[in-house]
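Quick notes on the structure that follows.
Keep in mind that what you see is a predicted model, and the values were worked out from it rather than measured.
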Amino acid sequence: AAAPMAALYARLAPPSGVFFAADAASIGRRRLRGVALGFLTAGRDAAAVAAAETHYGGATCMTERLQAVTALVDMPGAVCDAVIADFHHSATGDPLVLNKWFALQASADTPDVLETVQRLRRHPDFMPRNPNCLRALVGTFGQNAAWFHEDSGAGYEFLGEMVCEIDEFNPMIASRLAAPLAPWRRMGPARSARMRAQLERIRA
């Protein structure tokens, strides 16, 4: 299955000499090529890292860079760190790009993603009173189901703490960020109890 997908990925590369095109066909090719990259990097091995790194290096637009970073955040290591640093540098302070940078890292399928999110809270570019920035980091982590619902309940505690802090200056965004705790009744007994405990904490 890998060989046909690799062939499709190669076939969807921009024509020689064409740096960037914004017509519908080119946009469609970029999107489909990104899907192919996702399949090619699903194994998260050395070949996957190399493929994502090459994709990032050859990117001609934000869409292609995002495709590469999306793959790499699930494969921590030197290449991932270098690409994430380069993406941040290329943002040149643009809040929209920086929010993508925060969100990509908060969506990572890695066991230490909560530690990453907590570290990013202290990043100089993180604006703790900016709703878009909060949604990008805290909101994205709340949607990262595998690690938000991790057995220890640390994700619930983090969200509960953040919602309580945010509620002091922006109750509306706080209520929206608390949404991942809402389906506590549909969880198993242990998770349900931990989620409810955070909702009680928020209500207190």
Handout entry: Side chains of Met75 and Thr41 in contact at under 4.5 Å (non-hydrogen atoms)
Key = yes
Handout entry: Non-hydrogen side-chain atoms of Pro180 and Gln143 separated by less than 4.5 Å
Key = yes
Exercise for the section: Following the transitive rule for hydrophobic clusters with a side-chain heavy-atom cut-off under 4.5 Å over Ile, Leu, Val, Met, Phe, Trp and Tyr, establish whether Leu40 and Leu12 coincide in one cluster. Expected result: yes
Exercise for the section: Compare all side-chain heavy atoms of Ile202 with those of Asp167 and state whether any distance is below 4.5 angstrom. Expected result: no
Exercise for the section: State, with a plain yes or no, whether a side-chain heavy atom of Ile84 is found less than 4.5 Å away from one of Leu72. Expected result: no
Practice task
Kindly work out whether a path of hydrophobic side-chain contacts (I/L/V/M/F/W/Y, heavy atoms less than 4.5 Å apart) joins Ile173 to Leu96.
Solution key: no
Practice task
Find the distance between CG (Leu32) and CG (Leu37) and round it off to the nearest 0.5 Å.
Solution key: 11.5 Å
Completion exercise
Rounded to the nearest 0.5 angstrom, the CG-CG distance for Leu199 and Leu181 is 5.0 Å
Exercise for the section: Using a 4.5 Å cut-off on heavy atoms from C-beta on, say whether the side chain of Val97 contacts that of Phe87. Expected result: yes
Problem - Close side-chain approach of Leu137 and Val117, heavy atoms under 4.5 Å - result: yes
Handout entry: Arg176, CZ atom: more than 12 neighbouring heavy atoms under 6.0 Å
Key = no
Exercise for the section: Inspect the surroundings of CZ in Arg44 and state if more than 12 heavy atoms from other residues, nucleotides or ligands are less than 6.0 Å away. Expected result: yes
Practice task
Begin with the C-alpha distance, continue with both residues' side-chain angles, and end with the deciding distance and a verdict on side chain to side chain contact (heavy atoms under 4.5 Å, CB included) for Val113 and Thr110.
Solution key: CA-CA 6 Å; Val113 62; Thr110 57; 3.9 Å; yes
Practice task
Determine, using the 4.5 Å side-chain heavy-atom cutoff (strictly less than), whether Met127 and Met162 are members of one ILVMFWY cluster.
Solution key: no
Problem - Transitive ILVMFWY side-chain link Tyr9 to Val49, under 4.5 Å - result: no
Handout entry: Atom pair OG1 (Thr70) and NE2 (His55), whose distance is rounded to the nearest 0.5 Å
Key = 9.5 Å
Practice task
Would you give the length of the straight line joining atom CG of Asp94 to atom CG of Asp125, rounded to the nearest 0.5 angstrom?
Solution key: 11.0 Å
Problem - Met62 side chain near Ser90 side chain, heavy-atom distance below 4.5 Å - result: no
Handout entry: Any pair counted as ring pair (Phe, Tyr, Trp, His ring centres under 6.0 Å), so long as it reaches residues 21-41, sequence neighbours left out
Key = none
Handout entry: Shortest non-hydrogen separation from Glu64 to Thr60 and the atoms involved
Key = OE1-N, 2.5 Å
Handout entry: Selection residues 153-204 - residue pairs positive for ring pair (Phe, Tyr, Trp, His ring centres under 6.0 Å), sequence neighbours left out
Key = Phe141-Phe158, Phe148-Tyr156, His149-Tyr156
Completion exercise
Note: Glu161 and Gln198 closest approach over all heavy atoms is N-OE1, 4.4 Å
Exercise for the section: Check whether any side-chain heavy atom of Asn170 sits under 4.5 Å from a side-chain heavy atom of Pro131, and report yes or no. Expected result: yes
Fill in the blank from the handout: Nearest heavy-atom approach of Arg194 to Asp151 is NH1-O, 2.8 Å
Exercise for the section: List the atom of Arg30, the atom of Cys61, and the distance in Å for their closest heavy-atom pair. Expected result: CD-SG, 3.5 Å
Fill in the blank from the handout: Of all heavy-atom pairs linking Ala71 and Ala52, the shortest is CB-CB, 4.1 Å
Problem - ring pair (Phe, Tyr, Trp, His ring centres under 6.0 Å) contacts touching residues 105-128 (sequence neighbours left out) - result: His88-His123, Trp101-His123, Phe102-Phe126
Handout entry: Minimum-distance pair of heavy atoms, taken over all atoms of Arg31 and Gln67
Key = CA-NE2, 4.1 Å
Practice task
Determine, step by step, whether Arg196 and Glu200 satisfy the salt bridge (charged side-chain N to carboxylate O under 4.0 Å, His left out) criterion, reporting the C-alpha distance in whole Å, the side-chain angles of both residues, the deciding distance to 0.1 Å, and the verdict.
Solution key: CA-CA 6 Å; Arg196 182 174 179 177; Glu200 296 288 351; 3.7 Å; yes
